[in-house]
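Here the structure is laid out as structure tokens; the discussion comes afterwards.
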There are 2 protein chains.
Amino acid sequence: MKMSSKARYGLYVAVELAKRYSDTDVVSVALLAQCTGITEKYLEQIIAMMKRADIVLSNRGASGGYKLARAPQDISVGEILRVLEDNLQIVDCIHKDCANGCNCVSRNLWTKLNENINSYLDTISLQQLVEDKL
Amino acid sequence: MKMSSKARYGLYVAVELAKRYSDTDVVSVALLAQCTGITEKYLEQIIAMMKRADIVLSNRGASGGYKLARAPQDISVGEILRVLEDNLQIVDCIHKDCANGCNCVSRNLWTKLNENINSYLDTISLQQLVEDKL
DNA sequence: ATAAATCATAGTAAATTAGTAGGAATTAAA
DNA sequence: TTTAATTCCTACTAATTTACTATGATTTAT
């Protein structure tokens, strides 16, 4: 029940990008790696997932880099974490079959718990996080 | 961010014990293993944790077994899962130090998320779960 | 042209989780 | 009082997942 480092790191990266959102230019992986302490290669993979999910956008080639695809107030923490954390699903049986079948009482619990987590994380924007206003 | 099978299984076991709570006698691991589909040896370990946490109590020796230490309406799902799932902590840095230090904005998020999860799970009793009244 | 960057993907090491195994201690019942 | 059924204790191993490394192709500003 731990958040993976991929998800934690992804959020750190998003926070750094949010701080720089007013800048017109993009931020390179090298710089992001430096200020977050994540290795470049690992960070590349993480930000690639965020790009595929349209959370960030990129410029390729020399002096290229990444920036947020939308304003920090329009990106929720839930959106980011779902991309990096297997849709934030607490157990597999919510969307797959399990031995207990569909009438398993626990299944309803997991479903509600998931809704709870997701709806909470969806109320928090990157902007709020950067301003430390939770 | 998956719930471990230990926690899932522990909850199944607790549900089975809750169904049988009105019986005066205890239930053996062998029987619990049979009706949950968990192997006896693994189940033994899981229920041992629940015993140490005073969620279940046991009779040793022949015709021994386990039963809930309290009525199903007095045991919350949160209580059970915390015992089996490293206190339900989403990230380590909530109670340990991390590279980012104490002024890390994400840390507050994890703390709030944890509170959210725990307070939800604490509102649900085993009784509710058995009656499928979430 | 060149250098600085993203992009794609395969591989490996570390850590965690899940499950096995063996046997000691206890106790109800024959 | 022996026996069989059971909990209790702890060490080990296999499987899976996570975290990270490595290589190199592609793109593009200068």
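So you know, we letter chains A, B, ... as the sequences are listed, proteins then strands, and number each from 1.
- Taking side-chain N and O atoms only, Lys51(B) has a distance below 4.0 Å to OP1 or OP2 of dC8(D).
- In Gln34(B), the CD atom is not crowded: 12 or fewer heavy atoms of neighbouring residues, nucleotides or ligands sit closer than 6.0 Å.
- Exactly one residue among Leu68(A), Ile80(A), Val13(A), Ile75(A) makes a side-chain contact (heavy atoms from CB on, under 4.5 Å) with Val56(A). That residue is Leu68(A).
- Contact check for Ile117(B) versus Met1(A): side-chain heavy atoms found under the 4.5 Å cut-off.
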Give each protein N/O atom lying under 3.5 Å from an N/O atom of nucleotides 10-17 of chain D, with the pair distance.
unit_1  : atom_1 : unit_2   : atom_2 : d
dA11(D) : N6     : Gln45(B) : NE2    : 3.4

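- With a 4.5 Å cut-off on side-chain heavy atoms, Thr36(B) and Glu16(B) count as touching.
- With a heavy-atom cut-off of 4.0 Å to chain B, the contacted part of DNA chain C has its first and last nucleotide at dA18(C) to dA28(C).
- Distances shorter than 4.0 Å separate some side-chain N or O of Ser5(A) from OP1 or OP2 on dA19(D).
- Rounded to whole Å, the distance from CE on Met49(B) to P on dC8(D) is 15 Å.
- A donor-acceptor contact closer than 3.5 angstrom links the side chains of Ser4(B) and Glu85(B).
- Non-hydrogen atoms lying under 4.0 Å from DNA chain D are contributed by Arg60(A), Gly61(A), Ala62(A), Ser63(A), all within residues 55-67 of chain A.
- Ion pairing of Arg82(A) with Asp122(A) is present here, as a side-chain N (NZ or NE/NH1/NH2) and a carboxylate O approach within less than 4.0 Å.
- For the pair Gln34(B) CD and dT6(D) P, the computed distance is 12 Å after rounding to whole Å.
- Comparing Met3(B) and Val27(A) along DNA chain C, the residue whose closest nucleotide (by nearest heavy atom) sits nearer the 5' end is Val27(A).
- Looking at heavy-atom distances under 4.0 Å, Lys2(B) makes no contact with the nucleic acid at all.
- Taken to the nearest 0.5 Å, the CZ atom of Arg70(A) stands 10.0 Å off from the CG atom of Leu57(A).
- Two residues are said to be in side-chain contact when any heavy atoms from C-beta on lie closer than 4.5 Å; Met3(A) and Leu88(A) meet this criterion.
- Comment: Asp86(A) engages Lys2(B) in a salt bridge, judged by a side-chain N to carboxylate O separation of less than 4.0 angstrom.
- Ile46(B) has its CD1 atom 15 Å from the C1' atom of dC8(D), to the nearest Å.
- Counting heavy atoms from C-beta on, the side chains of Leu109(B) and Leu134(A) come closer than 4.5 Å.
- No side-chain heavy atom of Gln127(B) sits less than 4.5 Å from a side-chain heavy atom of Tyr21(B).
- Between Thr39(A) and Glu85(A), the one whose closest nucleotide on DNA chain D sits nearer the 5' end is Glu85(A).
- Counting to the nearest Å, the C1' atom of dA19(D) and the OH atom of Tyr12(A) are 15 Å from each other.
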